[in-house]
Structures are given as C-alpha cells and as structure tokens.
K.L.:
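The structure that follows is given in the form of structure tokens.
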Amino acid sequence: MENLFVFFTRLAEFLYLCALNWVWFLLGLSSGYFLTRLTTAFLPVKPRRGWRIALLLFLTVISGQIIWLGDTNLFYSLLAFLPMLLVSSKGDRVGRLTVTIIFFCLIMPVNAVLDTYYAPIMAHFGLDDIYYYSDKFIRPAVWGLLYLAARKRLPESPPQLSPRFWKLLLLLAAMPFSSLLAVVLLPFLQSDYDYIYSNYLLHGLTMSLGVAVLPFVFLTALALLYTIRALEDHERLERANRLASLQESYYQGLRREETQLRTLRHDLRNHLTAIRGLLALGEDRRALDYIDQLSGSAAVQGGRRLCANDTANAVLTAKAEDMRREGIQADIAASLPELLPVEDTDLCALLGNALDNAIEAAVQTPKKWIVVRCRAEKGLFMLRVENAAAQSPDPGLATRKEDKSSHGFGIPGMREIAERYSGSLETRAMPGKFELVACLPLDGRSA
C-alpha cells in the first residue's frame, strides 16, 4: 500500500512538472508570437510559411535570452539575430538591416533589465522562487501590452520607403545600437573584468550607466518605428499628390480641347465660307493648305485615349506631351482595363518614374526615341520601356533633376513596387539602348 502511494505521488509530481513545462513553453511562445506580429508589420518576410514559423521559434528563444551587463551573450545573440532576420526577409537590403537593428535594440534592453536588475533585487530579498515564476509572465506581458497598444498604428503591410529614407534611418538606428553594445559589452572588454565587479565603485558606475542607457535604447527604438510609419505616410501622400497633379493636368487638357472644339463648331460656317471662296477663285492650293491647317488643330484631332484605365491614361498622356515638347519620337501602345488590382499611387509611380528616366536618357541622344508597351492579359500586368541612351545608365538610375522629391526615385524604388506585388522588374543596358521590363501578377494583392 505504501509503495502504491509513493508511485502515485511520483506520478503526480511528474505530471505536474510536464504541465508546468508546457505552461512555460506556451508563455515563451506567446512572447515570440507578439514579437513576430510586431516584426512582420515592419519587415517583409519571404512568402513561404516555413520562414514565418522559423521566425516565430527564433523570437521565442531570443525573447528569453539571458542578458546582463558584462556578459558576451549580447554579442552572440547579435550574431544570430542579424542573419536570421535578414535571411528570412525580402526587399531593400538597407531597409531590412535598419528594421533588424531597431528590433534588436527593442528586445535586448528588456532582457537586460530583467536579468541584470530585477533578478538581483528579488534574490537580495530572498524571493528567488517568485522571480523564477514572475519572470516567465513579465516577458510575454511586456510584448503583449506593446502589441496591443500599437496594434491600431501598425502598418497593414511592411513599409516601402525610398532608399534615401532607409539610409537616414540606418544612421539614426546606429545611435541606440552603439549605446546598447557599449553599456553591455564595455565591462567585459576591460582588461581586469573580475576586478570591475569586485570593486563596488566601478560596479555601481556600470549599473548606473545601464539604468540610464537601457531605457533610452528601448524608447529610441520605439521612436524609430514610429518614424518609419510617419515617413511611409509622408511618401504615400507625396505619391498621391503627384498622381493628383498628373490627373489635374490631364483633365485641364481635356477641358482646353473641349473649349477649342466648341470654338471650332462656332466658327465652322466661317471656315467653310472661306474654303468655298478660295475654291471659287481657283486657289486650290490655298484651299488645301487651309484644310490641312484645320485638320492639324488640337480641336479636330482631339485628345488621345491611350487606354481604358484613367490613372495609366493620365500618366501616359502627360508623359507623351513631355516627349513631344522634348522632340522625342514616341511609340506608345497600351491596353489596360478600367480597373486594375494595383494601387493608383503604385501604378503612377511605376509608369511615371520609368518614363521620367527614359525621357532623361533619350534627350541626351542625337536620335531621340522611346517605345512603350503596356498591357494586362492572362493575369499579368506587363510594362516594357525602351529608350535611346547615349551611354550606359547608372545602375541605380536615379533622376538627375534638382527636384528629386517629385521625380524618379530610381530602379530600386520601382523594383520595390514590383516585389510588393510578388512581381519582378528587370533592366538591360545595350549599346545605344536601354530596356526596362516589369511584370506583376494581377491575381493577388500587395504583399
């Protein structure tokens, strides 16, 4: 009977430990879940589900990593953190590196504060058991509260900023990143590491620096994430304003043509009388010249409707007028439906910047020409732009105009748009010619 009691007691202890381990595992997994939701809101993860699962498990482990001042765990965590987030994501390299550094600066201070300050305080008062249990709840609580607080402000899809903004943010992220490395690793880098922690004065100075720097790093990382969101709104508004400007220019042209047409109709009887008079006098040549002059007027020719899509038509029409003013021989053929599953601002940016860059290159050549082919068929949006080029274009192909904010942002920016729709953008430079080809699937939304 006694042996049976011991057996059931040990069985109960075993089941309790198993249940407890599962509770700890689920708590750790919840930290990884909240961090994954925060991270993927700013970092475009590769489409295969395996990458998201790997990222979830990795962030679960990293959220529980022990970090204390003077330990090398921070350095080893960095060596794992950078490759994992960079390999599992896609898009602009500078942007991915920037977001990775920001989230490293967001996670590590929380771990360092709990392990360096909270644990010793609880141990000092003999509350080691309470620390052991409470620490398991505090970490997921921090990331859960942060996610819930920021959920309404998180971007619906990872931000796509221009390269100039990503480079600026990377420089700003270097400040909290270097501060974190300095305050955590500096004690370890001293020649007499044991002496520092045995000397109360130096130990107190190190701990005071941590109290001042670690919250600063955490709050700066949050501020940088907010800055990314604000810059994305700014760029979206900028693209919308540019599209509105193009559409306004297009509709102003339509109104001018309508006014010219009304004037032509009003004066039609006078024109016919003049032609009749010239023919009666035997001035056939002058009559033909008069007819040619009328036929060449904008009122008679009317505006060109290049495609059914209003946004694409406005952009193509405006750029066709720019080509005409620059003396460029333009060959434009577009076949796009009225509705496309592509954001108007993205379509405007893709077409507008591709043609801006083509015009800039073509005007520098003796024989100025541009060929544009744009169509949507078989579930694909396809754009091909060929233009004369005097020399091999810059690989980035950024605009050389002074007002860069409203003109071409280069091949990387257009490639970001294509990748956001799971498409591709390729360029090819040949002697005397440059070619750009973009292909976007139309059966899916922006990623």
K.L.:
Only counting residues at least two apart or in another chain, list the ones meeting salt bridge (Lys or Arg N to Asp or Glu O under 4.0 Å) with R373.
P.N.:
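Only D331 meet the salt bridge (Lys or Arg N to Asp or Glu O under 4.0 Å) criterion with R373.
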K.L.:
Side chain to side chain contact (heavy atoms under 4.5 Å, CB included) with R428: which residues, sequence neighbours excluded?
P.N.:
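R428 satisfies side chain to side chain contact (heavy atoms under 4.5 Å, CB included) with M430, E435 once adjacent residues are dropped.
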K.L.:
Are the side chains of I359 and M323 in touch, meaning some heavy atoms are under 4.5 Å apart?
P.N.:
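Side-chain contact under 4.5 Å: yes.
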K.L.:
Within the distance-only criterion (no hydrogens, no angle test), does the side chain of N309 pair as donor or acceptor with the backbone N or O of L336 below 3.5 angstrom?
P.N.:
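No.
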K.L.:
Applying side chain to side chain contact (heavy atoms under 4.5 Å, CB included) to I370 and V372, what does each step give before you reach the verdict?
P.N.:
CA-CA 7 Å; I370 294 177; V372 181; 3.8 Å; yes
K.L.:
Looking at P158 and T40, what are the two nearest heavy atoms and their distance?
P.N.:
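Closest approach of P158 to T40: CG-O, 3.6 Å.
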K.L.:
Looking at V217 and S179, what are the two nearest heavy atoms and their distance?
P.N.:
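Closest heavy-atom pair between V217 and S179: CG2-CB, 4.1 Å.
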K.L.:
Tell me whether the rings of W143 and F218 are parallel (<30°), tilted (30 to 60°) or perpendicular (>60°).
P.N.:
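Ring orientation, 0 to 90° scale: tilted.
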K.L.:
Using a 4.5 Å cut-off on heavy atoms from C-beta on, say whether the side chain of K167 contacts that of L170.
P.N.:
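They are not in contact (no side-chain heavy atoms under 4.5 Å apart), so the answer is no.
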K.L.:
Among all residues two or more places apart in sequence or in another chain, which pass the salt bridge (Lys or Arg N to Asp or Glu O under 4.0 Å) test with R139?
P.N.:
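Here the qualifying residues are D115, D135.
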K.L.:
Looking at every non-hydrogen atom in both residues, tell me the closest pair between G210 and L69 and how far apart they are.
P.N.:
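So the two residues come closest at CA-CD1, 4.2 Å.
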K.L.:
Looking at CG of D322 and CG of D356, how far apart are the two atoms once the value is rounded to the nearest 0.5 Å?
P.N.:
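The CG atom of D356 is 7.5 Å from CG of D322, to the nearest 0.5 Å.
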K.L.:
If we only count heavy atoms from C-beta on, is the Y76 to T72 side-chain gap below 4.5 Å?
P.N.:
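Yes; the side chains approach each other to less than 4.5 Å.
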K.L.:
State whether the side chain of N111 and the backbone N or O of I66 hold a donor-acceptor pair below 3.5 Å, judged by distance alone.
P.N.:
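Checked: no pair found.
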K.L.:
Who are the side chain to side chain contact (heavy atoms under 4.5 Å, CB included) partners of V61, not counting sequence neighbours?
P.N.:
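Counting only residues at least two positions away or on another chain, V61 forms no side chain to side chain contact (heavy atoms under 4.5 Å, CB included).
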K.L.:
Could you go step by step and tell me if L214 and L180 meet the side chain to side chain contact (heavy atoms under 4.5 Å, CB included) rule?
P.N.:
CA-CA 7 Å; L214 292 175; L180 176 65; 3.8 Å; yes
K.L.:
Are the side chain of Y117 and the backbone of M207 linked by a donor-acceptor contact shorter than 3.5 Å?
P.N.:
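Confirmed, Y117 side chain pairs with M207 backbone.
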K.L.:
Find the distance between CG (L351) and CE (M414) and round it off to the nearest 0.5 Å.
P.N.:
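That separation rounds to 10.5 Å.
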K.L.:
Take S89 and K46, measure what side chain to side chain contact (heavy atoms under 4.5 Å, CB included) needs, and give me the verdict at the end.
P.N.:
CA-CA 5 Å; S89 59; K46 291 179 179 177; 5.9 Å; no
K.L.:
Given W166 and L97, is the side chain to side chain contact (heavy atoms under 4.5 Å, CB included) satisfied, shown in steps?
P.N.:
CA-CA 9 Å; W166 280 129; L97 178 61; over 6 Å; no
K.L.:
Sequence neighbours left out, what passes ring pair (Phe, Tyr, Trp, His ring centres under 6.0 Å) with Y118? Give chain and number order.
P.N.:
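In terms of ring pair (Phe, Tyr, Trp, His ring centres under 6.0 Å), with neighbours along the sequence ignored, Y118 is linked to Y131.
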K.L.:
Under a 4.5 Å cut-off applied to non-hydrogen side-chain atoms, are V342 and I417 in contact?
P.N.:
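In short, these two side chains do not touch, never coming nearer than 4.5 Å.
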K.L.:
Looking at every heavy atom in both L442 and P341, which two are closest together, and how far apart are they?
P.N.:
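That closest heavy-atom pairing would be O-CG, 3.2 Å.
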K.L.:
Within a radius of less than 6.0 Å around CG of L237, do more than 12 heavy atoms belonging to other residues, nucleotides or ligands occur?
P.N.:
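Counting other residues, nucleotides and ligands, CG of L237 exceeds 12 neighbours.
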K.L.:
For F434, does its backbone N or O pair with a side-chain atom of E386 as donor and acceptor, under 3.5 Å?
P.N.:
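No; judged by distance alone, with no hydrogens or angles, the pair does not exist.
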K.L.:
Between the side chains of Y33 and R37, does any donor sit under 3.5 Å from an acceptor?
P.N.:
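The answer is yes; a qualifying pair exists.
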K.L.:
The criterion is salt bridge (Lys or Arg N to Asp or Glu O under 4.0 Å); which residues satisfy it with E321, sequence neighbours excluded?
P.N.:
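Salt bridge (Lys or Arg N to Asp or Glu O under 4.0 Å) list for E321, sorted by chain: R324, R325.
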K.L.:
Roughly how far, to the nearest 0.5 Å, is the CG atom of L436 from the CG atom of N387?
P.N.:
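Answer for the CG-CG pair, N387 versus L436, is 9.0 Å.
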K.L.:
With side chains defined as the heavy atoms from C-beta onward, is the minimum distance between V45 and K90 less than 4.5 Å?
P.N.:
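The answer is no, as the side chains (C-beta and beyond) never meet within the 4.5 Å cut-off.
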K.L.:
Quick check for you: to the nearest 0.5 Å, what is the distance between L440 atom CG and S424 atom OG?
P.N.:
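Answer rounded to 0.5 Å: 8.0 Å.
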K.L.:
Does any pair with a residue in residues 212-231 pass side-chain hydrogen bond (donor to acceptor under 3.5 Å, both in side chains), and if so which ones, sequence neighbours excluded?
P.N.:
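Pairs touching residues 212-231 that pass the test: R229-E232, R229-D233.
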K.L.:
State, with a plain yes or no, whether a side-chain heavy atom of V437 is found less than 4.5 Å away from one of T427.
P.N.:
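Sidechains of T427 and V437: no contact.
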K.L.:
I'd like to know if the side chain of S30 reaches the main chain of L27, judged simply by a donor and an acceptor atom lying under 3.5 Å from each other, with no hydrogens or angles considered.
P.N.:
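Yes: the side chain of S30 pairs with the backbone of L27.
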K.L.:
Looking at G28 and S63, what are the two nearest heavy atoms and their distance?
P.N.:
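Smallest interatomic distance, heavy atoms only, reads O-OG, 4.3 Å.
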K.L.:
Between CG of L43 and OG of S88, what distance do you get to the nearest 0.5 Å?
P.N.:
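So the gap between those two atoms works out to 6.0 Å.
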K.L.:
Donor-acceptor check, side chain of T116 to backbone of V113, threshold 3.5 angstrom: yes or no?
P.N.:
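Such a contact is absent between T116 side chain and V113 backbone.
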K.L.:
Minimum heavy-atom separation for F216 and M175, please, with both atom names.
P.N.:
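Here F216 and M175 meet closest at CZ-CE, 4.4 Å.
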K.L.:
Once side chain to side chain contact (heavy atoms under 4.5 Å, CB included) is applied, do any residues pair with F81, and if so which ones, sequence neighbours excluded?
P.N.:
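Per chain and number, F81 pairs via side chain to side chain contact (heavy atoms under 4.5 Å, CB included) with F58, L59, I62, L85, T100, F103, F104, I107.
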K.L.:
So do D346 and D344 actually touch side chain to side chain, heavy atoms under 4.5 Å?
P.N.:
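Not touching, per the 4.5 Å side-chain cut-off.
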K.L.:
Output side-chain donor-acceptor pairs under 3.5 Å for residues 374-381, partner residues at least two apart or in another chain, one line each.
P.N.:
unit_1: R375; atom_1: NE; unit_2: E377; atom_2: OE2; d: 3.1

K.L.:
With a 4.5 Å cut-off on side-chain heavy atoms, are V94 and L169 touching?
P.N.:
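A side-chain contact is absent here, since even the closest heavy-atom pair is not under 4.5 Å.
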K.L.:
Who are the side chain to side chain contact (heavy atoms under 4.5 Å, CB included) partners of A173, not counting sequence neighbours?
P.N.:
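For A173 the side chain to side chain contact (heavy atoms under 4.5 Å, CB included) partners, ignoring immediate neighbours, are I101, I102, L224.
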K.L.:
Got a sec, which residues hit salt bridge (Lys or Arg N to Asp or Glu O under 4.0 Å) with R96, two or more places apart in sequence or on another chain?
P.N.:
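For R96, no residue satisfies salt bridge (Lys or Arg N to Asp or Glu O under 4.0 Å) once neighbours in sequence are set aside.
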K.L.:
Hey, what do you get for CG (L56) to CG (L35), rounding to the nearest 0.5 Å?
P.N.:
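L56 atom CG to L35 atom CG measures 9.5 Å (nearest 0.5 Å).
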K.L.:
N353 side chain to A349 main-chain N or O, any donor-acceptor pair under 3.5 Å?
P.N.:
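Checked: pair present.
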